[in-house]
Every structure is written in structure tokens, then in C-alpha cells.
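One structure is given below, encoded as C-alpha cells.
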2 protein chains.
Amino acid sequence: MPTKSSPHPSTRARPLPAARRERASDVRTAGAPAAVTFRPIHTRRAFEEICARIREQLALGVLKPGDKLPAERDLAQQLGVSRNVLREALRSLEMAGVLRLQKGVKGGAFVQAGDTSRMNVVMRDMLSLGTISVRELSEARVHVLELGVRLACANARQSDIEALEANVERTDLATREGRLLDRVECAREFYKLLAEASGNKVIAMIMDSVTEIHMRFVYAKVASSGVAMAGLVERRRKFLAALRERDVSAATRLMRGHLGAVQRMLEQDPGAMSLQVALAEMQPGMRP
Amino acid sequence: MPTKSSPHPSTRARPLPAARRERASDVRTAGAPAAVTFRPIHTRRAFEEICARIREQLALGVLKPGDKLPAERDLAQQLGVSRNVLREALRSLEMAGVLRLQKGVKGGAFVQAGDTSRMNVVMRDMLSLGTISVRELSEARVHVLELGVRLACANARQSDIEALEANVERTDLATREGRLLDRVECAREFYKLLAEASGNKVIAMIMDSVTEIHMRFVYAKVASSGVAMAGLVERRRKFLAALRERDVSAATRLMRGHLGAVQRMLEQDPGAMSLQVALAEMQPGMRP
DNA sequence: AATTATTAAATGGATCACCCATTCAATGGA
DNA sequence: TCCATTGAATGGGTGATCCATTTAATAATT
């Protein structure tokens with residue numbers, strides 16, 4: 001007998017793994033060697049199961065943004081798992097932007113309103129891991145923004161256009177005062193507002209995800225070289241005029257021209273910046 | 001004195017939290033009340049710090065797909081954190097598709113090649129949380145696929161087209177043999193192949209993410225009603241002919257028409273299916 | 001009575017010390 | 001040569017314990 005009070009009887013309650021293989025108990029006949037198809041699945045672990053269950057409750061609408069999950073100690077007991085493994089699941093969901101964990105009495109795990117910036121994280125990871133290339137991302141950006149411009153011409157509300165105009169004014173001010181980095185921040189906001197003007201949050205999310213990293217590069221380029229696009233504000237004004245007139249072809253043409261010019265600026269003297277460094281600095285929520 | 005051997009001296013080594021507030025130690029002057037700007041940051045927790053550091057190593061190229069991280073016990077010691085909290089971080093990164101954890105000797109945490117399907121998960125979460133609507137997703141899908149078709153016409157290689165033709169043959173066979181659900185699977189594969197034919201992995205990833213959930217609906221619809229699109233194979237053949245001829249306008253027109261027809265099929269008798277159920281069943285890797 | 005400290009409880013954050021199951025290389029015998 | 005056994009490394013998981021933060025209830029003070 002061990003010295004401790006044998007805290008791990010193998011027969012302890014563990015309801016979770018019992019429900020693992022709902023999908024695996026399929027048509028497989030008695031003696032047949034499972035034909036050609038092998039299930040590529042790895043044994044499902046407790047924390048995956050927990051994540052899946054919570055996501056299921058979200059999908060079913062049982063859990064909605066603002067709702068609070070039971071306290072860790074209670075929920076762990078309900079699920080028949082240790083608090084540690086429950087936390088692994090909760091943390092994963094927090095990283096995924098689904099939950100927010102808050103300390104203190106009246107704290108707990110709260111369901112969050114969907115954070116559209118999670119897609120940016122995915123895009124960043126794909127770039128870090130070399131699954132996609134900068135070239136592909138830039139090319140995709142041109143196409144996605146062109147689509148965004150078309151939709152904005154069709155759907156932009158008056159308030160969207162006014163927000164864009166206000167942004168261009170800020171850009172103008174930053175330009176005249178020589179605040180180059182603020183100007184980059186304005187540009188970032190410009191694309192964000194343009195995405196909203198598309199009138200479709202899915203498209204907006206996609207536009208943001210292909211723009212965020214790009215703006216990082218621009219920021220790094222401007223910060224290191226001190227140079228910046230000439231005539232930016234004028235081009236923005238022209239573009240906004242086309243948008244206001246719902247002139248798709250003019251707006252598209254102007255946007256395409258601008259993106260090309262930015263691209264050329266980025267590509268000259270490429271040694272001055274590094275994908276690696278720009279990506280590595282992008283970890284937290286970037287600058288506010 | 002507590003009964004145990006006081007295992008938690010407050011002075012224990014904990015190097016991580018010491019480096020927390022790199023950003024907070026900013027220009028704040030002595031007596032001034034921090035002006036207007038409040039840092040919106042919540043105190044960074046150990047597991048976030050660990051995730052950020054590993055992602056940083058990925059971004060810098062120090063860690064590449066296939067690389068193995070130190071064993072949990074070693075890495076925890078290196079970072080000065082407990083094994084549990086390290087695991088919270090590793091699990092989060094595994095959920096994000098960045099790592100794969102493997103048991104056994106010679107096991108460990110391996111950096112994965114980027115998993116483009118992570119974007120699908122984000123899209124699903126956004127839908128579950130009500131951040132985006134089915135209507136927005138459907139609309140976005142039409143636009144994104146139109147873009148995909150344009151790119152496929154421009155970039156599809158011979159092998160892409162052949163893969164699509166083989167897919168249509170399988171679809172034809174499934175249709176003639178009355179295997180409706182297999183036919184849906186073929187359709188899923190069709191869009192996957194079309195995405196690849198676009199020649200841009202970013203665009204392909206986006207196309208997949210807006211298509212996956214949609215195909216779930218189609219699957220549920222077909223499974224519950226037993227009806228399916230008439231003339232699907234013929235339309236696919238026409239589309240492929242246009243793609244082969246690089247006829248953008250014809251291909252676009254055919255795709256748009258098809259998407260509209262599918263949409264009408266889905267919308268008739270809407271009571272037969274439920275967003276909630278379709279989403280909830282989508283948890284694992286879907287059917288192989 | 002109003003205000004301000006104080007206290008106590010609930011909760012997430014983190015640690016430690018285990019134990020189990022799996023995997024695979026090394027070992028050794030048939 | 002081949003196959004079974006063994007054992008160490010590793011991730012998977014548990015439970016007990018303590019810390020830090022937050023909030024509400026309570027007590028003390030003005």
C-alpha cells in the first residue's frame with residue numbers, strides 16, 4: 001500500500017471518456033476488416049471533449065454572449081473531471097475569443113460577443129508557419145479590397161461615408177503636422193471603416209484579416225525609413241468622391257492604383273524590414 | 001505553522017510575471033495623473049505570456065513546422081512555471097492548430113504545418129455567437145466564390161481542371177446510383193478543388209471557410225428531405241467547360257445561377273432544418 | 001445618518017506531488 | 001534472426017493546497 005490514502009482508485013467516476021466514440025460505432029460489420037476506410041481520429045482527450053461540449057451549447061443557443069458558466073470548481077465536478085483539465089479547456093476557449101475569465105467573487109467564465117479579430121490571428125499563424133506567403137497575402141488583399149470597394153459602393157450608408165471623411169481629415173492633419181506613424185494608424189482605421197462600409201460583417205472580417213498584417217509592414221517601413229506616400233490625402237479624397245457617387249468603376253480603379261503604389265513603396269529597399277520581426281512584434285492586441 | 005512543510009514560500013522563483021508590464025512602465029510622470037490615456041490591458045497571465053513567446057519564436061523562424069519543443073517538464077522548468085500552467089498554454093496552441101501533442105517516449109509538442117481549416121472554426125464561432133448571421137455568410141459566399149471563379153479562370157492549372165472533372169464524374173455516378181449524401185460530399189469536394197484552382201492559398205482558405213458551414217446546411221437539408229438539386233451534373237459540366245475555356249463571364253454567370261438555385265432550395269420549407277442543430281453537429285472534423 | 005475601514009467569502013491563478021497510459025528503443029531469450 | 005519483455009520518457013489526468021483579486025456584508029468612525 002502506498003503511504004498516501006490512495007487518492008486515485010482506478011474506478012473513480014470519469015463520465016466523460018465514456019461518451020467518446022459516438023461516431024466510431026458505425027456500420028462496421030462483425031468479421032470484416034473495416035474495408036478501406038480508416039478513421040484518422042486520435043483518441044479524444046478530456047479537454048477537447050469539454051471544448052466541444054461548450055461549443056455545442058453555444059451553437060444550440062443554450063449559452064449566449066453575456067452568460068456565465070458555473071464556477072470552475074462546480075463545473076469540474078459536474079463534468080467529472082479535475083479542475084486542472086477543465087481549466088485547460090476554458091483557457092483554450094478564452095484564447096479562441098469565445099470566453100472571458102474574470103477573477104474575484106462575481107467573477108467566472110463569461111461568454112463573449114464574437115471577436116472578429118480572431119481571424120487575424122489565424123492569418124498571422126499561417127504566415128508564421130509558412131503555410132501562406134506574403135505574396136499570396138498581398139495578392140489576396142488586392143482582390144478582397146476590390147470586392148470590398150464594390151460592396152461599399154453599393155451599401156455604404158451616409159454615416160459610413162462621414163466616418164471615412166472624418167478619417168481623411170485626421171490623415172490630412174497628421175500629414176501636415178508630420179506625424180508619419182499616426183498617419184499609418186489613420187490608414188489602418190481607414191481600411192477598418194471601409195470594411196464596415198461594405199455592410200457585411202463576414203466580408204468586413206475578411207478584409208480586416210488581410211489588411212492587419214499588411215499595415216504592420218507599412219508601419220515598420222515608415223518607422224525605419226521615415227518616408228511615406230506622397231499625395232495620399234488627395235487620393236483618398238478622390239476615392240471618397242467616387243464612393244459618394246457610387247461610382248464602382250472609378251472607386252475600384254482608384255483603389256487598385258493606390259494599392260499598387262503602396263506595394264511599390266514597400267518593395268523598394270526590401271532589406272530595411274523583415275517579415276519575421278514585423279510578425280514577432282505583432283503578438284498582443286497591437287497598438288490601440 | 002501549517003501542518004505541511006510549507007511548500008509555497010512567497011519568494012519562490014517565478015521569472016515570468018516579473019516581465020509582465022513591459023508596456024506599462026511608460027512615460028507616466030511622477031505626480032501627473034496619467035493624462036487621458038488608460039491602458040486597456042488586463043494583467044497578463046502566465047499562460048498568455050507563454051503562448052506569446054512560443055508564437056514569437058514561430059514568427060522569428062526559430063521554430064518551424066516539424067520542430068519539437070522541449071518536454072513539458074523541462075520547458076516548465078526553463079520558463080519557471082508549473083507544468084500545469086505550461087500545459088494550459090500548449091493546449092491553447094494545439095487548439096489553435098499551431099502545435100500537435102504526441103504521447104510516448106519520442107513524443108512531445110511538435111510544431112504543425114499551418115492548418116487552414118482553423119479559419120472555419122472562427123467562422124463557426126462567429127455564427128454560434130451571433131456576431132455574423134446566416135444571411136451575411138450566404139451573401140459573402142456568393143461574392144467570395146465569384147472572386148474565386150475569376151481567379152480560377154485566370155490561374156487554374158491543367159491538373160486542377162482534371163481534378164474537377166474527376167469530381168464531376170464521381171458526382172454523376174453518385175447521382176445515378178441515388179447516393180444523395182455522397183453527392184453532397186462530392187459538392188463539398190468540388191468547392192474545395194475550386195478553391196485550390198484559384199492558385200492562392202489565402203483566397204482558398206477564405207473560400208473554404210465560407211463554404212464549410214453552407215455545405216452543412218445542404219447536407220442537413222438533403223438528409224431530412226431526401227430531395228436534391230436536379231440537373232446538377234449538367235450544370236457542373238457547363239461550368240467546367242467555361243473554366244476550361246477561361247471564359248470568366250460565362251463561368252461567373254453559371255456559378256451565380258447555381259448558387260441562387262441552391263439558395264432557393266435551402267430556403268423552401270425552412271422549418272425542416274435548424275441552424276442550431278447543424279452547427280452543433282459540426283464540432284469535430286466533420287465527416288472524412 | 002452617512003461615510004469609511006475592515007472583514008469574509010467566492011473565484012480565478014498557480015503550484016506541487018503524484019499516478020496512469022502510451023510509446024518505443026534496448027535487451028534478452030528462443 | 002526474430003519476437004517477446006522490459007523500462008524509461010512522455011503526455012494525460014487528479015487532488016490538495018495556497019495566493020491574489022474582487023465584491024458584498026459588516027463594523028467602526030465621524
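Side-chain atoms are counted along with the backbone in the values below, which use heavy atoms only and exclude waters and symmetry mates. Letters go in sequence order (proteins before strands), and every chain restarts at 1.
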*More than 12 heavy atoms of other residues, nucleotides or ligands under 6.0 Å from NZ of B/Lys106: is that the case?*
no
*Verify the distance criterion only: is there a donor paired with an acceptor across the side chains of B/Arg100 and B/Gln102 at less than 3.5 Å?*
yes
*Looking only at side chains, do B/Asp115 and B/Ser117 share a donor and an acceptor under 3.5 Å apart?*
yes
Which nucleotide wins on minimum distance to the side chain of [X], given the candidates [options]?
{"X": "A/Val105", "options": "D/dT22, C/dG13, D/dG11", "value": "D/dT22"}
{"X": "B/Ser82", "options": "D/dT14, C/dC16, C/dC19", "value": "C/dC16"}
{"X": "B/Ala71", "options": "D/dG11, C/dG13, C/dT11", "value": "D/dG11"}
{"X": "A/Leu101", "options": "C/dA14, D/dG12, C/dG13", "value": "C/dG13"}

Whole angstroms only, please: what is the [atom1]-[atom2] distance between [X] and [N]?
{"X": "B/Arg73", "N": "D/dG13", "atom1": "CZ", "atom2": "P", "value": "14 Å"}
{"X": "A/Leu90", "N": "C/dG13", "atom1": "CG", "atom2": "P", "value": "9 Å"}
{"X": "B/Leu75", "N": "D/dT10", "atom1": "CG", "atom2": "P", "value": "12 Å"}
{"X": "B/Glu48", "N": "C/dA14", "atom1": "CD", "atom2": "C1'", "value": "14 Å"}
{"X": "A/Leu86", "N": "D/dT14", "atom1": "CG", "atom2": "P", "value": "10 Å"}
{"X": "A/Leu69", "N": "C/dT11", "atom1": "CG", "atom2": "C1'", "value": "14 Å"}
{"X": "B/Arg100", "N": "D/dG12", "atom1": "CZ", "atom2": "P", "value": "12 Å"}
{"X": "A/Lys103", "N": "C/dG12", "atom1": "NZ", "atom2": "P", "value": "11 Å"}

*Is a donor-acceptor pair below 3.5 Å formed from side chain B/Arg83 to base D/dG12, judging by atom type as modelled?*
yes
*Is a donor-acceptor contact shorter than 3.5 angstrom present between the side chain of A/Arg45 and the base of D/dG11?*
no
*Can you name the closest pair of heavy atoms from A/Asp208 and A/Asn120 and give their distance?*
C-OD1, 4.0 Å
*Comparing A/Lys106 and A/Asn84 on DNA chain D - which has the more 5′ nearest nucleotide*: A/Asn84
*asked:* Nearest heavy atom decides the nucleotide; on that basis, is A/Val85 or B/Gly104 closer to the 5' end of DNA chain D?
replied: B/Gly104
*Could you go through the side chain to side chain contact (heavy atoms under 4.5 Å, CB included) check for A/Val202 and B/Val144 one step at a time?*
CA-CA 10 Å; A/Val202 177; B/Val144 167; over 6 Å; no
